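Everything on this sheet refers to the single structure shown next.
All figures in this text were calculated on a predicted structure; none of them were measured in a lab. Numbers restart at 1 for each chain; the letters A, B, ... are given by sequence-line order, proteins then strands.
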Amino acid sequence: MTANFYITTPIYYVNGAPHIGHAYTSIAADVLARWHRLAGDSVFFLTGTDEHGQKVERAAQEAGLDPQAFTDRIAADFRDMAARMGISNDDFIRTTEPRHKHACAALWQRLVAADAIYLDHYEGWYALRDEAFYGEDELTTRADGVRIAPSGAPVEWVREPSYFFRLSAWQDKLLAFYDEHPDFIAPTARRNEVLSFVRAGLADLSISRTSFRWGIPVPGDPAHVMYVWLDALVNYLTAIGYPDTDAARASFWPADLHVVGKEIVRFHAVFWPAFLMAAGIAPPRRVYSHGWWTVEGEKMSKSVGNVIDPRALVDEFGLDAVRFFLLREVPFGQDGDFSRRALISRLNNELANDLGNLAQRVLTLLQRNCAGEWPAPAATTPLAEAAAALPGAVRARLDRLAFHEALEEVWRVIRAANAYIDHQAPWALRKTDPARMAEVLRVLLDTLRSVAVVLQPVMPGSMTAMLDQLGVPAQARDLAALDTAMAAGTPLPSPSGVFPRFVEAVG
RNA sequence: GGCGGCGUAGCUCAGUGGUAGAGCAGGGGAAUCAUAAUCCCUUGGUCGGUGGUUCAAAUCCGCCCGCCGCUACCA
């Protein structure tokens with residue numbers, strides 16, 4: 001039976017070019033989306049751009065463009081990034097689209113009807129860069145007299161009427177919700193932070209602004225535009241057709257997983273479920289926060305000039321090597337370091353040597369000694385059993401978003417296959433026991449098929465090439481197809497290297 | 001200040017009571033089917049420090065040190 005799986009990336013804020021962090025989030029979500037499709041689930045994978053807010057309005061002014069033209073340009077850049085990273089999103093949402101304005105207005109009215117919103121006025125210190133208010137006591141004063149938020153962003157005194165969301169009313173319900181759904185926020189460190197934040201008490205949340213225009217108007221009071229985070233979070237509902245409960249994708253709610261960066265956990269794990277519960281809508285099932293990348297040991301920053309454009313990496317190393325590295329190198333949820341040396345090491349040791357070379361030697365032996373076709377199935381071996389167990393082993397790790405562990409499981413099998421081929425030495429059996437040689441090569445072919453099938457979500461292009469070389473029909477590459485043995489005599493095309501070694505250019 | 005995470009081989013990390021592990025890097029050997037790839041063996045750690053519980057502690061408890069995150073407060 002087909003299960004629904006709705007997974008999202010955050011919508012990316014269009015105040016700068018996409019960098020490796022955006023690519024990382026998107027690739028991780030993409031791997032899960034592709035995995036669930038491979039498992040036969042009905043998948044809806046959403047990404048997009050967050051385009052409203054004062055920060056965007058000002059950035060557009062500085063660029064000499066009207067906000068829509070400005071966001072059109074940057075949204076196109078994010079779309080391009082997604083395409084270049086091989087992201088298989090089913091939809092790309094922009095918060096400036098009419099469907100989104102409609103959904104936001106509908107949710108707002110629902111909150112009003114539920115008496116979750118009231119009009120008051122707000123005054124306080126506001127940091128444009130953070131899109132957040134701060135208390136007097138949180139600020140420090142810079143040498144030039146400018147007040148600075150803990151984040152380092154300058155703040156300005158703002159006094160204006162504002163609608164408020166009764167967040168304070170949801171403290172106990174949120175705590176009860178977290179308690180009933182222990183997996184709602186992961187990893188544990190982030191869950192603990194959210195719990196302590198909510199336990200410390202929640203103040204009502206200002207959810208409208210009158211000081212700028214670049215946003216979604218509040219229904220019935222167009223002097224106000226909605227708070228950008230309310231606007232942004234609603235995108236997850238917009239995309240499944242909200243408020244139309246008969247929309248084609250309406251049954252995808254609640255979302256199975258929001259993949260987020262650790263800087264936006266609070267919005268997704270506190271505000272978002274509170275908004276939804278207040279509106280009588282089920283909260284999402286899970287919010288997973290990944291870590292941040294440093295570059296060659298240093299924090300990534302524009303001023304240092306070490307921001308990595310993922311597209312340049314792909315141009316140099318290839319898409320699949322980059323996808324593989326990002327998920328293999330660092331446990332998801334923890335911070336990690338990106339270094340050129342580490343990437344090349346992974347690429348050469350694991351992709352080119354362990355896997356690429358294994359496939360090449362097996363296929364060459366078959367080409368020369370077995371007429372270039374699949375031998376008959378062989379008696380089972382420990383290696384064959386380990387390979388057959390891969391889908392389950394990988395699934396268990398991916399369900400926990402433990403990408404690095406899932407890949408380690410696959411590489412354990414690959415290493416075992418390298419040991420097997422050396423110990424069995426089919427090139428020697430060719431003369432002494434050709435029938436045994438064919439059995440050994442069959443075991444290795446079966447192993448490579450399992451490996452290539454389960455690696456498709458991580459490295460779609462390379463694994464397509466490998467499965468082509470293994471003679472596996474294009475329509476028989478999902479997890480279920482692994483239960484059916486390949487027929488003896490299936491032809492094997494002549495092999496060519498899937499993962500060339502990377503040699504650093506000299507000079 | 002409070003809460004939480006982390007501190008294990010040169011590097012990245014796994015290991016939650018019972019003789020210290022993996023990958024990479026380093027050293028030696030084998031093989032030559034293969035992208036000079038692979039395989040086998042191997043060097044290497046007083047498991048941050050300290051005190052305690054236990055027949056037995058990397059693993060439990062106390063204190064301390066260091067790094068990181070969230071949060072609070074400020075005389």
Remember a base hit wins even if backbone is also touched, and classify [X] as base, sugar-phosphate or nothing at under 4.0 Å, heavy atoms.
X      : result
A:A352 : base
A:H404 : nothing
A:V498 : base
A:D354 : sugar-phosphate

| query | Counting distance only, does the side-chain N/O of A:D320 pair as donor-acceptor with the main-chain N or O of A:S462 below 3.5 Å? | reply |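 Looks like yes, one N/O pair under 3.5 Å.
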| said: I'd like to know if the side chain of A:Q469 reaches the main chain of A:S496, judged simply by a donor and an acceptor atom lying under 3.5 Å from each other, with no hydrogens or angles considered. | reply: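 Indeed, once roles are kept as given, a pair shorter than 3.5 Å links the two residues.
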| said: What's the separation between atom CE in A:M81 and atom CD1 in A:I87, rounded to the nearest 0.5 Å? | reply: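 Atom-to-atom, A:M81:CE and A:I87:CD1 are 7.0 Å apart.
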| request: Please round to the nearest 0.5 Å and tell me the distance separating atom NE2 of A:H36 and atom CD1 of A:I7. | output: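 The NE2 atom of A:H36 sits 7.0 Å away from the CD1 atom of A:I7.
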For [N], give the paired nucleotide (Watson-Crick: N1-N3 plus N6-O4 or O6-N4; G-U: N1-O2 and O6-N3; both under 3.5 Å), or none.
N      : value
B:rA20 : none
B:rA14 : none
B:rU46 : none
B:rC70 : B:rG2
B:rC60 : B:rG52
B:rG7  : B:rC65
B:rC39 : B:rG29

In terms of side-chain heavy atoms of [X], which of [options] is nearest?
X      : options                : result
A:N349 : B:rA37, B:rA25, B:rC33 : B:rA25
A:W427 : B:rG23, B:rU38, B:rA31 : B:rA31
A:E193 : B:rC24, B:rC33, B:rC70 : B:rC70
A:R501 : B:rC39, B:rA37, B:rA22 : B:rA37
A:Q334 : B:rC24, B:rU35, B:rC13 : B:rC13
A:E350 : B:rC39, B:rG23, B:rU35 : B:rG23
A:S345 : B:rG23, B:rC24, B:rC39 : B:rC24
A:E408 : B:rU35, B:rA22, B:rC39 : B:rA22
A:R190 : B:rG69, B:rU32, B:rU38 : B:rG69

Take the protein atom [atom1] of [X] and the nucleotide atom [atom2] of [N], then report the distance between them rounded to whole Å.
X      : N      : atom1 : atom2 : result
A:M466 : B:rU35 : CE    : C1'   : 11 Å
A:E409 : B:rC13 : CD    : C1'   : 15 Å
A:L326 : B:rU12 : CG    : C1'   : 16 Å
A:L358 : B:rC33 : CG    : P     : 16 Å
A:R341 : B:rG10 : CZ    : C1'   : 11 Å
A:N348 : B:rA34 : CG    : P     : 20 Å
A:N418 : B:rA34 : CG    : C1'   : 10 Å
A:L195 : B:rG5  : CG    : P     : 12 Å

| message | So, does A:R368 get its side chain near the phosphate of B:rC33, meaning an N or O under 4.0 Å from OP1 or OP2? | response |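 A:R368 to B:rC33 OP1/OP2: no side-chain N or O under 4.0 Å.
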| said: If the cut-off is 4.0 Å, is A:N353 near the phosphate of B:rU35, judged by side-chain N/O to OP1 or OP2? | reply: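 Checking A:N353 against B:rU35: no side-chain N or O falls below 4.0 Å of OP1 or OP2.
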Looking at [X] and [Y], does any basic side-chain N land under 4.0 Å from a carboxylate oxygen?
X      : Y      : answer
A:R442 : A:D446 : yes
A:R400 : A:D183 : no
A:E193 : A:K262 : no
A:R340 : A:E296 : no

Determine the interatomic distance between [atom1] on [N] and the same-named atom on [M]; round to the nearest Å.
N      : M      : atom1 : result
B:rA58 : B:rU50 : P     : 13 Å
B:rG15 : B:rG45 : C1'   : 14 Å
B:rC60 : B:rU54 : C1'   : 9 Å
B:rU19 : B:rU32 : P     : 41 Å
B:rG7  : B:rU16 : P     : 12 Å
B:rU8  : B:rC68 : P     : 16 Å
B:rA31 : B:rA36 : C1'   : 13 Å
B:rA22 : B:rA9  : C1'   : 11 Å

| said: Both A:R346 and A:F499 contact RNA chain B. Taking the nearest nucleotide for each, which residue is further toward the 5' end? | reply: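 The residue mapped nearer the 5' terminus is A:R346.
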| message | Judged by each residue's nearest nucleotide on RNA chain B, which is more toward the 5′ side, A:I421 or A:V194? | response |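 Going by which nucleotide is closer to the 5' end, it is A:I421.
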